[in-house]
Amino acid sequence: MIGGGLGSGRAGAGVGAVDGYGDRTVWRRRLAGMRRLDWMLVLAALALSVVGTLLVRSATVPLLTEQGKDPETFVQRHLLNLVIGFVLGAVVALLDYRLLRAYAPILYGLACAGLVAVLTPLGETINGSHSWIVLGGGFQVQPSEFAKVGLVVLLAMLLGEPRDGEVGPSNKDILWALALAGLPAALVMGQPDLGTTLVFGAVVLGMLAISGVRKRWLAGLVGGGVAAGFLVFFLGLLKPYQIARFTAFLDPSHDPRGAGYNAQQAKIAVGSGGVFGKGLFNGEQTGGHFVPEQQTDFIFTVAGEELGFIGAAAIVLLLGVVLWRGLRIATQAADLFGTLVASGVVCWLAFQTFENIGMTLGIMPITGLPLPFVSYGGSATFANMIALGLLQAVHLRRNPFD
């Protein structure tokens with residue numbers, strides 16, 4: 001009896017020790033995984049989100065107060081969007097990105113289905129673009145934002161698996177990639193959403209270049225894109241307001257009350273901030289609502305006026321850190337598929353950043369693209385955080401055996 005009791009005690013202690021050791025091992029692995037995150041990328045995106053929240057508040061509180069509404073409505077929704085977005089990004093980061101090869105066609109199909117749904121009676125027109133599906137309660141979904149994710153993953157699958165004996169993708173793979181990219185681009189143009197179509201073009205061109213296609217393909221695509229742009233313009237396939245927006249940046253003063261109004265007021269707001277700005281929540285142009293859509297497309301004008309050159313430069317620097325870390329992840333990826341996924345995300349965010357800030361400063365046409373990680377918007381925030389999660393997923397598995 002005594003022997004049995006001692007034996008049982010030793011056995012119980014052994015089991016407890018094993019269980020305790022196992023628990024400690026699990027937690028050590030989890031902590032090790034957390035340490036392996038690209039924290040510079042995370043912190044840059046988090047800093048941009050915090051600054052963006054303050055700018056959204058400054059851009060929306062005065063108008064909502066004048067209208068007798070809850071002045072914190074946009075801020076509360078923006079914070080909710082950020083929380084959901086970071087959760088989505090964390091979930092994507094935990095996934096093995098290599099498994100996305102198998103699911104890429106499904107993601108692409110769902111993205112195209114969403115774009116088709118927008119063109120049905122389910123879609124709603126907001127700010128002249130039939131790009132939204134209204135869910136109620138003040139929330140809308142813009143499927144074209146998620147189509148960016150689907151396109152990046154699908155192109156990485158097509159271009160990331162060269163056939164035996166080939167350095168880059170074959171001509172057949174390239175043609176398939178162009179055809180499949182053309183479908184969502186055509187659906188988005190039908191909304192019409194010129195800005196997102198240009199993002200698709202930048203992603204396709206960048207990923208083709210990274211995949212190792214011959215230079216004549218790239219030259220032909222650039223030349224074909226320019227020719228198609230002129231053809232669309234002269235055949236009148238764009239609506240008059242789109243043409244006016246696209247050309248107003250050349251001379252905003254030509255029609256300051258019409259097509260050039262947004263560009264003119266944006267430049268005034270940014271320029272009035274000087275070096276150090278007028279102070280957060282103290283912008284006269286922002287408080288007077290001279291620039292439309294300041295919480296979304298023109299949020300950089302709030303930064304320019306209230307935070308000045310120093311604050312605006314800090315935002316550009318943080319966005320540069322995001323792009324730099326993304327490029328670093330692409331160069332260290334375990335395989336070509338991972339390199340292409342990370343490169344596609346970088347091309348997407350880089351073009352959208354340049355276009356948004358450029359249209360604010362008057363060096364790019366106004367296309368209605370939000371500033372990544374800064375502008376207000378649910379769908380754009382979710383898509384940006386998913387893109388961040390894709391970068392982290394590639395980074396965490398840069399060792400082929402992870």
Nearest 0.5 Å please: distance from the [atom1] atom of [X] over to the [atom2] atom of [Y].
X: Leu208; Y: Leu155; atom1: CG; atom2: CG; value: 7.0 Å
X: Phe373; Y: Thr353; atom1: CZ; atom2: OG1; value: 8.0 Å
X: Ile106; Y: Leu154; atom1: CD1; atom2: CG; value: 12.0 Å
X: Glu72; Y: Leu79; atom1: CD; atom2: CG; value: 9.5 Å
X: Phe200; Y: Leu187; atom1: CZ; atom2: CG; value: 9.0 Å
X: Ile363; Y: Ile357; atom1: CD1; atom2: CD1; value: 9.0 Å

Could you tell me whether a side-chain N or O of [X] sits under 3.5 Å from a main-chain N or O of [Y], the two making a donor and an acceptor?
X: Thr339; Y: Ala330; value: yes
X: Ser58; Y: Leu54; value: no
X: Asp38; Y: Gln392; value: no
X: Ser375; Y: Pro370; value: no
X: Gln294; Y: Ile299; value: no
X: Asn81; Y: Arg77; value: yes
X: Asn384; Y: Pro372; value: no
X: Thr286; Y: Asn282; value: no
X: Tyr108; Y: Leu180; value: yes
X: His395; Y: Arg36; value: yes

Looking only at non-hydrogen atoms, find the nearest pair between [X] and [Y] and report the distance.
X: Ala333; Y: Val394; result: CB-CG1, 3.7 Å
X: Val341; Y: Ala156; result: CG2-CB, 3.6 Å
X: Leu183; Y: Cys112; result: CD2-SG, 4.1 Å
X: Val153; Y: Ala104; result: CG1-CB, 3.5 Å
X: Ala393; Y: Tyr97; result: O-CD2, 3.6 Å

[X] vs [Y] side-chain heavy atoms within contact, under 4.5 Å:
X: Met189; Y: Leu194; answer: yes
X: Val270; Y: Glu305; answer: no
X: Leu178; Y: Val204; answer: yes
X: Asn356; Y: Val374; answer: no
X: Asn171; Y: Arg214; answer: yes
X: Gln332; Y: Arg398; answer: yes
X: Asp193; Y: Gln142; answer: yes
X: Pro105; Y: Met157; answer: yes

For [X] and [Y], test the side chains for any donor-to-acceptor distance below 3.5 angstrom and give the result as yes or no.
X: Ser272; Y: Glu284; result: no
X: His289; Y: Glu66; result: yes
X: Asp173; Y: Ser170; result: yes
X: Gln285; Y: Thr301; result: no

*Chi angles and distances behind the side-chain contact (heavy atoms from CB on, under 4.5 Å) call for Ile329, Leu41*: CA-CA 10 Å; Ile329 290 170; Leu41 176 62; 4.0 Å; yes
*For atom CZ of Phe309, is the number of surrounding heavy atoms from other residues, nucleotides or ligands below 6.0 Å larger than 12?*
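No.
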*Test side-chain contact (heavy atoms from CB on, under 4.5 Å) applied to Phe337 and Leu159, step by step*: CA-CA 8 Å; Phe337 178 75; Leu159 303 174; over 6 Å; no
*Intermediate values then yes/no, side chain to side chain donor-acceptor pair (under 3.5 Å), Gln140 and Ser379*: CA-CA 8 Å; Gln140 306 94 23; Ser379 298; over 6 Å; no
*Between Arg101 and Asp335, does a salt bridge (charged side-chain N to carboxylate O under 4.0 Å, His left out) hold up when you go through it step by step?*
CA-CA 12 Å; Arg101 285 190 180 95; Asp335 53 17; 3.1 Å; yes
*Stepwise, does the side-chain contact (heavy atoms from CB on, under 4.5 Å) test hold for Leu307 with Leu55?*
CA-CA 10 Å; Leu307 304 180; Leu55 297 180; 4.2 Å; yes
*Is Arg57 close enough and on-axis enough to Phe74, meaning under 6.0 Å and within 45°, for cation-pi?*
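Negative - Arg57 is either too far from the ring of Phe74 or too far off its axis.
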_Stepwise side-chain contact (heavy atoms from CB on, under 4.5 Å) check, Met385 with Leu82_ = CA-CA 8 Å; Met385 295 305 178; Leu82 287 175; 4.1 Å; yes
